[in-house]
Amino acid sequence: QVQLVESGGGLVQSGGSLRLSCTASGATLESLSIGWFRQAPGKEREGVLCVNSQGITTTYIDSAVGRFTISRDHAKNTVFLQMNSLKPEETAVYYCAAVDAGKSGPYYCGKGINEYDVWGQGTQVIVSS
């Protein structure tokens with residue numbers, strides 16, 4: 001059974017950076033597509049980026065292009081979300097989610113919440129102005 005644990009959230013000033021971590025257990029990153037989502041107060045959860053089992057990333061939010069990047073550490077079975085030049089409107093709970101590449105395909109990445117089977121508990125990011 002796959003489980004995900006996020007960490008790394010916190011309070012940062014506008015323009016600052018944070019690196020979030022998503023550690024998987026029960027399966028290796030090579031067998032999972034991992035998506036990062038966020039949910040701001042009063043808003044729906046939205047897909048931010050995804051990395052498929054082959055390590056190919058897709059960014060779903062135009063404003064995140066060039067500022068948010070995904071990397072993987074296979075030894076730690078962890079996916080990182082590096083967020084730079086953060087903005088106050090990006091204050092949200094950030095979640096990682098996983099889907100089995102054996103089910104979805106090795107090159108799959110999705111932006112919808114219904115496309116993932118396993119979710120982490122979320123980590124709060126607050127960007128102060």
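Atom CD of Gln39 and atom CD of Gln124 lie 10.5 Å apart (nearest 0.5 Å). Phe80 contributes atom CZ, which lies 12.0 Å from atom CD1 of Ile70 (distance to the nearest 0.5 angstrom). Atoms NZ and OH, on Lys103 and Tyr108 in that order, are 9.0 Å from each other to the nearest 0.5 Å. One distance of note links CD of Glu115 with CG of Asp117; it measures 10.5 Å at 0.5 Å rounding. Summarising the geometry, atom OG belonging to Ser14 is positioned 7.5 Å from atom CD belonging to Glu89; distances are rounded to the nearest 0.5 Å. The structure places NZ of Lys87 at 14.5 Å from OG of Ser129, a figure rounded to the nearest 0.5 Å.
Scanning both residues, Val99 and Ser104, for their nearest heavy atoms gives CG1-OG, 3.8 Å. The two residues Ile113 and Trp119 have their closest heavy-atom pair at O-CZ2, 3.5 Å. The shortest heavy-atom contact between Ala27 and Val2 is CB-CG2, 3.7 Å. The two atoms that bring Glu30 and Ser53 nearest to each other are O-CB, 3.1 Å, heavy atoms only. What you find for Asp100 and Leu32 is that their closest heavy atoms are CA-CD2, 4.2 Å. Taking all atoms of both residues into account, the shortest heavy-atom contact from Gln3 to Val118 is CA-CG1, 4.3 Å.
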Given side chain to side chain contact (heavy atoms under 4.5 Å, CB included), test Arg38 with Glu46 step by step and report yes or no.
CA-CA 6 Å; Arg38 65 188 181 191; Glu46 62 178 354; 2.8 Å; yes

What's the verdict on side chain to side chain contact (heavy atoms under 4.5 Å, CB included) for Ser128 and Leu11, showing C-alpha distance, side-chain angles and the deciding distance?
CA-CA 7 Å; Ser128 64; Leu11 174 64; 4.2 Å; yes

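For Lys43, the side chain to side chain donor-acceptor pair (under 3.5 Å) criterion is met by no residue, not counting sequence neighbours. Applying the ring pair (Phe, Tyr, Trp, His ring centres under 6.0 Å) criterion to Tyr116, with sequence neighbours excluded, gives Phe37.
Exactly one of Leu4, Val93, Val5 qualifies for a side chain to side chain contact (heavy atoms under 4.5 Å, CB included) with Gln121. That residue is Val5. For the side chain to side chain contact (heavy atoms under 4.5 Å, CB included) with Leu18, the qualifying choice from Thr123, Leu86, Val127 is Leu86, the only one to do so.
Among pairs with a residue in residues 25-83, those fulfilling disulfide bond (SG atoms under 2.5 Å apart) read Cys50-Cys109, at least two apart in sequence or across chains.
Val12 and Phe68 fall within the same hydrophobic cluster, defined by Ile, Leu, Val, Met, Phe, Trp and Tyr side-chain heavy atoms under 4.5 Å apart, directly or through other members. In this structure, Ile61 is a member of the same hydrophobic cluster as Leu20, with clusters built from ILVMFWY side-chain heavy atoms closer than 4.5 Å. Ile34 and Tyr95 fall into different hydrophobic clusters, where Ile, Leu, Val, Met, Phe, Trp and Tyr side chains are chained together by heavy-atom contacts under 4.5 Å.
If you check the side chains of Ser33 and Asn52, you find no donor sitting under 3.5 Å from an acceptor. Inspection of the Thr78 and Thr23 side chains reveals an N or O donor paired with an N or O acceptor under 3.5 Å.
Annotation: Lys76, atom NZ; neighbour count of heavy atoms from other residues, nucleotides and ligands within 6.0 Å does not exceed 12.
In terms of modelled atom types and a separation under 3.5 Å, the side chain of Glu6 and the main chain of Cys96 share a donor-acceptor contact. Judged purely by atom type and a 3.5 angstrom limit, Arg19 has no side-chain atom pairing as donor or acceptor with the backbone of Gln82.
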